[in-house]
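Below is one structure, written out as structure tokens; comments come after it.
Only heavy atoms go into these numbers, but all of them, side chains included; no hydrogens, no water, no symmetry mates.
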Amino acid sequence: MTMRDIQAALAARGYRTGPIDGIFGPQTAAALRAFQADSGLPVDGIAGPMTQERLGFLNAASAFDDPGLVWFQEARRLLGTKERPGAGSNPIILDWADDLDAHYPGDDVPWCGLFAAHCIAATLRDEPLPAGLLRARAYERFGIPTAPMPGAIMVFWREVAGGPRGAASPFGHVGFYAGEDQATGDFRILGGNQSDSVSLAWIARERLVTARWPATVPARPAAAVHVVSRDDALSWREA
């Protein structure tokens with residue numbers, strides 16, 4: 001099940017979602033909230049299991065296809081978005097900052113925090129963002145603590161030349177949980193500014209500072225997703 005399926009089901013019931021394009025935009029969010037209100041469901045704007053069932057989807061979505069993880073689905077939609085090499089910046093990345101009213105000079109400045117903020121703010125309108133949202137380590141204060149699981153916002157420390165290692169480092173990286181290595185426990189992260197793009201990267205478990213969950217989204221049982229094998233190396237310096 002995808003966000004397109006949710007939009008189609010809402011539209012078939014007379015709710016105006018806007019284009020059926022798989023994007024969880026304001027019209028789709030309003031349509032989902034209206035459907036929940038009319039159906040006597042909690043009006044949280046999240047297509048969770050009860051909402052999915054009421055829309056006629058009898059089987060729960062798989063861990064990462066769950067349309068209730070709207071912020072994660074927005075991150076998936078943006079996979080492949082890249083910095084502009086040389087002079088100038090990718091206008092898509094600059095638009096994220098404009099929408100958030102954040103001063104951001106250009107995509108040569110680390111933008112993992114900006115990417116995380118965009119995905120959250122574009123889909124969870126009532127979710128508070130941390131102060132200093134451009135800084136990865138600011139997300140240590142985001143939402144509520146959670147175990148690493150699909151949808152979790154993962155905050156890591158990052159080493160710079162000559163600087164301290166571990167949580168004492170003032171530098172960091174933030175992205176979204178996309179699985180973990182069954183053998184080593186290392187994390188697969190969907191994030192911005194990974195190889196100068198929105199991409200998937202492996203990050204060592206030892207670098208994890210905290211995992212967070214949006215405060216406005218009902219908590220879910222912890223459910224790690226294990227990857228049996230992999231063929232790419234660990235990332236250590238995402239910026």
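A 4.5 Å side-chain heavy-atom check between M3 and V70 finds at least one atom pair inside the cut-off. Under the 4.5 Å side-chain criterion, counting only non-hydrogen atoms from C-beta, I153 is not in contact with T146. At a threshold of 4.5 Å between non-hydrogen side-chain atoms, the residues E238 and H173 count as touching. With a 4.5 Å cut-off on side-chain heavy atoms, H118 and L78 count as touching.
Both F24 and W71 are members of a single hydrophobic cluster when ILVMFWY side chains are connected at heavy-atom separations under 4.5 Å.
Counting only distance, with no hydrogens or angles, the side chain of D99 and the backbone of W96 share no donor-acceptor pair below 3.5 Å. Panel note: side chain E74, backbone I23; no donor-acceptor pair is recorded below 3.5 Å. Looking at R158, its side chain does come within 3.5 Å of a backbone N or O of G172 through a donor-acceptor pair.
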Using residues 110-117 as the side-chain source, report each donor-acceptor pair under 3.5 Å to any protein atom, sequence neighbours left out, with the distance given to one decimal.
| from | atom 1 | to | atom 2 | distance (Å) |
| --- | --- | --- | --- | --- |
| W111 | NE1 | E83 | OE2 | 2.9 |
| W111 | NE1 | N193 | OD1 | 3.1 |

With a cut-off of 3.5 Å and sequence neighbours excluded, list every side-chain donor-acceptor pair involving residues 129-138.
| from | atom 1 | to | atom 2 | distance (Å) |
| --- | --- | --- | --- | --- |
| R137 | NE | E140 | OE2 | 2.4 |
| R137 | NH1 | S169 | O | 2.5 |
| R137 | NH1 | F171 | O | 3.3 |
| R137 | NH2 | E140 | OE2 | 3.1 |
| R137 | NH2 | A167 | O | 3.1 |

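For Y104, there are no ring-ring contact (aromatic ring centres under 6.0 Å, His included) partners at least two apart in sequence or on another chain. Considering only residues two or more places apart in sequence or on other chains, A201 meets the side chain to side chain contact (heavy atoms under 4.5 Å, CB included) condition with Q194, S235. The side chain to side chain contact (heavy atoms under 4.5 Å, CB included) test applied to A219 returns no partner, not counting sequence neighbours. Take L208 and apply the side chain to side chain contact (heavy atoms under 4.5 Å, CB included) test, not counting sequence neighbours, and it matches P148, M154, F156, F187. Every side chain to side chain contact (heavy atoms under 4.5 Å, CB included) that E206 has, sequence neighbours left out, goes to W157, R165, A204, W236.
Between A224 and E180 the shortest heavy-atom distance is CB-OE1, 3.4 Å.
With respect to R76 and D65, a salt bridge is recorded, a charged nitrogen being found less than 4.0 Å from a carboxylate O.
Applying the salt bridge (charged side-chain N to carboxylate O under 4.0 Å, His left out) rule to pairs touching residues 212-223 yields D66-R220, sequence neighbours excluded. Sorted by first then second residue, the salt bridge (charged side-chain N to carboxylate O under 4.0 Å, His left out) pairs that include residues 84-96, not counting sequence neighbours, number zero. Listed by first and then second residue, the side chain to side chain donor-acceptor pair (under 3.5 Å) pairs that reach into residues 34-44 are Y15-D38, Q36-D44, Q36-T51, sequence neighbours excluded. Identified under the salt bridge (charged side-chain N to carboxylate O under 4.0 Å, His left out) test for residues 102-124, with sequence neighbours left out: none. Residue pairs meeting the salt bridge (charged side-chain N to carboxylate O under 4.0 Å, His left out) criterion with at least one partner in residues 9-37, sequence neighbours excluded, are R33-D126.
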